[in-house]
4 protein chains.
Amino acid sequence: SSGTPETVIPGASSYNGLNLVPQMGWNNWNAFHCDVSEDLLLSTAQSMIDLGLRDLGYNHLVLDDCWSIGRNSSGYLVADYVKFPSGMASIADRLHSMGYKFGMYSSAGVFTCGKYPGSLGYEQKDADLWASWGVDYLKYDNCFNQGQSGTPKLSFDRYNIMSQALNATGREIVYSMCNWGNDDPFDWAYTIANSGRMSGDIYDSFNRPDARCPCTSAIGCAWPGFHCSVMNILNKMAAITSRTMSGYFNDMDMLEVGNGGQTDSEYVVHFSMWAINSSPLLIGTNIPTLSAANLAILSNPAIIALNQDASAGAAVRKYQYLVDPDETGEGEIALWTRTLDNGDTVIALLNAANTTMIMNATMEDIFFDQATSGAYTTPPQLLATWDIYDLWANRMPEEEAAAIINGTAATIGFNSTSTTRYNATATSYAEGLANNNTALMGVKVGEIAPSGTFSAEVVRHSVGVYRLRAQAGIQMRKRDEL
Amino acid sequence: SSGTPETVIPGASSYNGLNLVPQMGWNNWNAFHCDVSEDLLLSTAQSMIDLGLRDLGYNHLVLDDCWSIGRNSSGYLVADYVKFPSGMASIADRLHSMGYKFGMYSSAGVFTCGKYPGSLGYEQKDADLWASWGVDYLKYDNCFNQGQSGTPKLSFDRYNIMSQALNATGREIVYSMCNWGNDDPFDWAYTIANSGRMSGDIYDSFNRPDARCPCTSAIGCAWPGFHCSVMNILNKMAAITSRTMSGYFNDMDMLEVGNGGQTDSEYVVHFSMWAINSSPLLIGTNIPTLSAANLAILSNPAIIALNQDASAGAAVRKYQYLVDPDETGEGEIALWTRTLDNGDTVIALLNAANTTMIMNATMEDIFFDQATSGAYTTPPQLLATWDIYDLWANRMPEEEAAAIINGTAATIGFNSTSTTRYNATATSYAEGLANNNTALMGVKVGEIAPSGTFSAEVVRHSVGVYRLRAQAGIQMRKRDEL
Amino acid sequence: SSGTPETVIPGASSYNGLNLVPQMGWNNWNAFHCDVSEDLLLSTAQSMIDLGLRDLGYNHLVLDDCWSIGRNSSGYLVADYVKFPSGMASIADRLHSMGYKFGMYSSAGVFTCGKYPGSLGYEQKDADLWASWGVDYLKYDNCFNQGQSGTPKLSFDRYNIMSQALNATGREIVYSMCNWGNDDPFDWAYTIANSGRMSGDIYDSFNRPDARCPCTSAIGCAWPGFHCSVMNILNKMAAITSRTMSGYFNDMDMLEVGNGGQTDSEYVVHFSMWAINSSPLLIGTNIPTLSAANLAILSNPAIIALNQDASAGAAVRKYQYLVDPDETGEGEIALWTRTLDNGDTVIALLNAANTTMIMNATMEDIFFDQATSGAYTTPPQLLATWDIYDLWANRMPEEEAAAIINGTAATIGFNSTSTTRYNATATSYAEGLANNNTALMGVKVGEIAPSGTFSAEVVRHSVGVYRLRAQAGIQMRKRDEL
Amino acid sequence: SSGTPETVIPGASSYNGLNLVPQMGWNNWNAFHCDVSEDLLLSTAQSMIDLGLRDLGYNHLVLDDCWSIGRNSSGYLVADYVKFPSGMASIADRLHSMGYKFGMYSSAGVFTCGKYPGSLGYEQKDADLWASWGVDYLKYDNCFNQGQSGTPKLSFDRYNIMSQALNATGREIVYSMCNWGNDDPFDWAYTIANSGRMSGDIYDSFNRPDARCPCTSAIGCAWPGFHCSVMNILNKMAAITSRTMSGYFNDMDMLEVGNGGQTDSEYVVHFSMWAINSSPLLIGTNIPTLSAANLAILSNPAIIALNQDASAGAAVRKYQYLVDPDETGEGEIALWTRTLDNGDTVIALLNAANTTMIMNATMEDIFFDQATSGAYTTPPQLLATWDIYDLWANRMPEEEAAAIINGTAATIGFNSTSTTRYNATATSYAEGLANNNTALMGVKVGEIAPSGTFSAEVVRHSVGVYRLRAQAGIQMRKRDEL
């Protein structure tokens, strides 16, 4: 009867039950912009299988802007039959059969950013159409929004309409907001979306300031712009780290790895810092032209395992010192840390300065949050001795990566005993970690004891990423602070 | 008849008649977060009685987040019967019988910060339920607010709904807003609430800047964050000091004294500056683990008497010099002053610099406001000679505090003649002050005459707090400036 | 017929036809705060007549906050019959008979700043009551406004309700908005009010920054605060100078002259800069205690004539150099200029630095606006030779001021030939200027020719104010730039 | 049937199909302000024909503020019959017959900036009247807007009303928004207008900061003000460059060339930078007083061709170094570049420093965007060798300009073979460029090869503007990045 308490599970791990860890996949925009086609999607999907990327978890194929030719007389969008002769439903079917989720794109405005028809005012029609096609994912942009912004409420209400429309289709569709951090979505989008961009568009530069990306803080950024560098976006994360949650991720934008604008070590920084901050990992390059070195970066399962960790949180910038600028005028060193689901801790010693640095992380730095969050007793983390694993030590050799690209890679031992390769379709990252899979753990390079300090030499524009695991006998309590 | 003037008392000292001086008590969050239980509340209540804390005025027991297991089919919240097997009404009864008010928590959003069900859209149901349980106090948080912020109007309207709901219950419930200063509640919340947070969450650090607490000003802070240090919060108060009023207090967040992240003298600063700024004083530590030193801080009746003074105003930062930073990059000295209800004046010489300082307060500094507020004649304050009482001089010795903790403290002379202990349940602070109770007055350490200067040596990260009382024959007019 | 064009006069010089030049008068707040009474108003009115202030133009007597005892059962405000035993209508009558306009006060909130009943929701009732009493002027404050702010629209709508209510009474009532510049009223209040405060409250300090007045710009100042210095307020004017217009004046707040917090030359700066910026001039001190020196400042008709000039504009800060700070950390020199209705130009050489300065104003500085406003030919101003009159040269000697205060001042020659005294009731400032009345023109101290430079020694914290009049034969076109 | 897809052309190149390249013409405000008349319009129109300006593309004659005498009893505006005795319809007819479009002015407020009646609340009546007169263009100002601003939504909604009203007339009317960049129109006005001001009003100064133009960024500028210098406005463009599009141009305000406040080379900067940023080019001076030198600036067809290029985009500031300030305290050098419709690239080496500079542009600087926009292969631009044409090399000699002014200029060879003169009425710029018309191409001054650097000496407060054309054989892909 109505008098009987019927309890509901408190809280929610995702507004629609989806995307409990960050989405991974590929999006055509960064490399192809409007040059989209059925062939591009399907051949990319196959290449990613061949390179092992799908099985590392990159299993969303997202078609970005410029796919329609307008609306029909009933108000439904019409896909461009020249670019997509088989039709979207057929493409979705084939991607599904290849083990992918299929993503599409629109804008919460009257046009998309490419001036194709936008979904403002057509939310339910468009959602219904996508659902009928078998679409699994929507990237929803912010262009031409008719000035419906300026307060969190204005943006929330506009994006919520599509959220409700997607729900109403009955199909499971991951909702990826792309309003560039305007009106501070990290403060309100968790209840209506699965991820939300928190910055203007990335460009393929490590740290060069560009006049078109005027904000250096995500907060209250009225004009996010584009041409934002890796370091610009990374540091915007520092203030909003607490608002990354299971089911809603602060999206640092698609990866530039492979596009040629950064050095190898800069791409290592980019990929590592996106991963540990639980940003969605959408590859944004032309897969068939991937170099062996770049494939090795994108394929590091030890780093991807951080991203896909069930803790689903962003890292914390424990210190940042502005030092030693390069020709862009930018220079810094920083320590970022994050606690993982199994009690492990990850630390990143980031050298964005202009020369090699000896960098330090003390136990006090690493476990500072535990010590200052009302811990009236010394937190157990500070009493433990931790093994330190270098997560880039097992980076795939270029020869091996080249062999994968050439289709000549050996498969002997792959997955179960490989130190460089991993198949997450076969064995989840969580299971692999529980089994101490070497490919996920990197190489042990030392220990840190109570009151100790870990030091590492980090070259210019690079990062050292380490997994710390407490030695046996210490039970770490997970943090539940908010 | 309707023609007869029926005058109403102009103004109001509180929107609901409650909380004319700042609330005091205990809240579990800082030390326990979600680890809450019936036992924690009741055992803490008893410990606080045993330590004399209840009778010093700490008489609100506030249960923070994570107490429910959802809503029933009628839409009412259901308390977690594992954590609270007796039920909330029973717990409230027992706390009442022990001399406490019982506080609970919710959020003006669809979830609490811990992702338990929030009260947005359920305001009256939730208020009615709390009233039915005998709840006396609501802490009302700001998480998951559906973007209903961005102008003072949006936040006011959202928080006002609960204010009206609480009033409609007919029960006297203190309404403690916790929107972190977002949308400048110090400018509008007086008419709907009894206190309002003015900053992001405190953490147990004296002055370390943290990227997660990005604002250094309370005004227009769109993203208050958390991990805000004692000095960060204190200096945010400087601009909004005039908006602390009887019945509405700017809440600097719960105390960290006892949690181990600060030195003894830093906790003295924290406690003293919260007290003189009429912040609510909610102890935020594990009572059974309180050290003797920390008990001595929380138990200084001379400082508490400042907080509970009927003047109910915040202090004024008369000067601030940024000097002599420590390893955090922060360093300053400052003079804060406040006029009390009986005409006494309190001054705080705050040394947040890195070394011992000789600090000065001139008569012109102390009574600057009186001299510049249209005083066409010299204000009487500048013509008086004032006795100076050091309010930390009678700090309870650690031996005595340890004896209280051990249950071996003597009771002889307690309250009437003790210089260190006080029972405000028995004798109000106002009465004690009128009687020049030594425990409230500290120790006279000097005088200051017209045009004079008071100097004191203040060690690194500490504060000297002094009550000035005009010598006989001078009648001080209280300020009524707004 | 409806087909006949019925032209309306384009534009308006005031939204309600009132206050074409800035209001002058007296307001009790700065000196008396809530200590108000019938006797204070009436005795002040008489003193101002005796001192010649009324006839200099100070003819509004404004009663500020704290005059009511609540609302009656019909919702009408009830005046405090202890403070005002004759009743407000009687007081208004007597002030009218003495040649004054009578001003009152309320707030666009649920309370006044002193927590007396405010007018929000009672606008028409209150306006009707004031009109029935014969009130001529309303100062309308911003306290306790229920969060109805945050965009210009929110503030405009709230203040417009009272504007319409005053109009609806049928009585001519000057509407003086006091929302402290919040939401940028200089951008929208011209069409609904006669003046609008553009800063937080003044205090009696020349240039000391105070934490409670956090804004240094008027624009977007969300928290105007109070304890704003003369220099703080003055420099806030620099950006909004174009929005002072006949019928709507940017109100820099009431005068502090006479209250003792500033030196004589600082008060000269305060009074001069308020005057040339067309701020309302409301004396804010206790008239019976006015010193001779302060009376001489407030009585300088040559300066008042600038304020009452029909050009009704604010001055322009042509240059500002931050130099030579004093103990407050502030220091600057600046040139302000303004074009007057008859083509004369006024220049103010302001020395807010810490030492005596030789200050320069070149022809290019003074007439920079004329040269850069699309003047495809050299503007006539740059081709003229100008006589320079020092407007403080005829400052009333202290002996004379003392004689006025003592009631022993000679009246021989007063007004028609006096160099120090003026009766604007008898002869308007415009007429006096047309007749070259010496009291309005000061003393000629030099000339400036094309390409020339005027130099003057200006002592610390003082200002030289000069009227420039083109020598015969040059016709100056008045600027109509917007 | 309704089942048949009826595709619509995706996107739009203009909200109303008009103004695909920036409007050019003349507006009276900068030089004449309210001194407007029928004679001024018609004589200016004739002068511009005589000087060849109309045929260079300056074919909008825009009457600014101060033309009405109010509204008639039916609510329609009435033109001032003293200033415009023939009536507006007749003036429009004559301008049309002379080959001009006729523009008028109003404000989205209750008054225009000159306090004439504004159109707020009368949008359809006013639009209908203008259409009935044959008006082709509306400049729509922002004064006296009743506080309807503060969020993009508030401004969008207010300006959209007039947009819809103009559309409803059925007449083609270019809609030129003039809200000074308030509420960031570059983010929302594309769908409702043809251009939008992005800054406060210009004044005739190269780089002097003025207190009345307080913003140095276009973004979030709540108080745009006026008296903004050329460099102030130019640098505001740097962040919003991506939001200039065919059909909607960011309007940097009317030209000051000819008004005498800047040096010849400063006017060259002003004109060049407005042109390459696709700002509308509205001459703002008294045509009959144009000097030969100034005519030569306004008549450079090689620069105008940049402005009228179908690419319709703004330039990008590739670097800016703040160096070598002059007496205003301002100093910088900067490189701006832009890709043109035919694959050519324009570069501007801007020296706003105080001395002559040797300035460099490397291939990497020039084609930085191509290299960092996901180009996984080296972009073809970096592989080409480019011819470099100096677009000011063929500046019309003063003698020739003087002859045009005197009416003695030879017409032999004009247009087809002239290196200095051009008739765009006869031959479009696009056609001329396709034919390598010398007047549009300037003089070849060098080449730049892969990895090369172009260097030029640029004198103080000047700019070098160069068109780069890839040597034969290289096919440049146009950018479609958004």
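Predicted model, so just to flag it, every value in this text is computed and none were measured. Chain A is the first sequence line, chain B the second, and so forth, proteins listed ahead of strands; every chain is numbered from 1.
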Colleague: For the residue pair G147(D) and W188(C), what are the closest heavy atoms and their distance?
Modeller: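 What the structure gives for the nearest pair is N-CB, 3.5 Å.
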Colleague: Rounded to the nearest 0.5 Å, what's the gap from CZ on F226(D) to CG on D369(C)? Could you check?
Modeller: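 Between atom CZ of F226(D) and atom CG of D369(C) there are 7.0 Å.
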Colleague: Could you look at I192(C) and say if it's the side chain, the backbone, both or neither that has a heavy atom under 4.5 Å from chain D?
Modeller: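 Neither part.
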Colleague: Taking side chain as everything from C-beta outward and backbone as N, CA, C, O, which of these in D187(C) sits under 4.5 Å from a heavy atom of chain D? Side chain, backbone, both or neither.
Modeller: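 It is both, since atoms from each part get that close.
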Colleague: Indicate the ring-plane relationship of Y190(C) and F144(D), choosing parallel, tilted or perpendicular according to the 30° and 60° boundaries.
Modeller: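 Taking F144(D) first and then Y190(C), their aromatic rings sit tilted (interplane angle of 30° to 60°).
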Colleague: Under 6.0 Å from the NZ atom of K318(C), do we count more than 12 heavy atoms belonging to anything else shown?
Modeller: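 Atom NZ in K318(C) is packed in, count exceeds 12.
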Colleague: Below 4.5 Å, heavy atoms only, C-beta onward: do R212(D) and R317(C) meet side chain to side chain?
Modeller: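 Answer no - side chains too far apart.
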Colleague: Considering only heavy atoms and a distance below 4.5 Å, find which of G260(D), C215(D), G261(D), S149(D) pairs most often with chain C.
Modeller: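 Ranked by contacts with chain C, first place is S149(D).
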Colleague: May I ask you to check whether over 12 heavy atoms, not counting those of F84(D), lie within 6.0 Å of atom CZ?
Modeller: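 More than 12 within 6.0 Å, yes.
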Colleague: What option among N294(D), N30(D), N286(D), N145(D) has the most heavy-atom pairs under 4.5 Å with chain C?
Modeller: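 Most pairs with chain C among the choices: N286(D).
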Colleague: For residues W223(D) and F186(C), determine if any side-chain heavy atom of one lies less than 4.5 Å from a side-chain heavy atom of the other.
Modeller: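 Side chain of W223(D) against side chain of F186(C), heavy atoms only: contact under 4.5 Å found.
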Colleague: Any chance the rings of F111(D) and Y15(C) have centres within less than 6.0 Å?
Modeller: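 For F111(D) and Y15(C), the ring centres are not under 6.0 Å apart.
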Colleague: From S373(C) OG over to I202(D) CD1, what is the distance, rounded to the nearest 0.5 angstrom?
Modeller: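 S373(C) atom OG to I202(D) atom CD1 measures 11.5 Å (nearest 0.5 Å).
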Colleague: Is there side-chain contact between Q146(D) and F156(C), with at least one heavy-atom pair below 4.5 Å?
Modeller: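 Sidechains of F156(C) and Q146(D): in contact.
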Colleague: Taking all non-hydrogen atoms of both residues into account, name the closest pair between I219(C) and A222(D) and its distance.
Modeller: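 Smallest interatomic distance, heavy atoms only, reads CG2-CB, 4.2 Å.
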Colleague: Would you verify whether the NZ or CZ of R208(D) falls within 45 degrees of the ring axis of Y319(C) while also being under 6.0 Å from that six-membered ring's centre?
Modeller: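 No, R208(D) and Y319(C) do not form such a contact.
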Colleague: Rounded at 0.5 Å granularity, tell me how far OG in S155(D) sits from NZ in K153(C).
Modeller: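 The NZ atom of K153(C) is 12.0 Å from OG of S155(D), to the nearest 0.5 Å.
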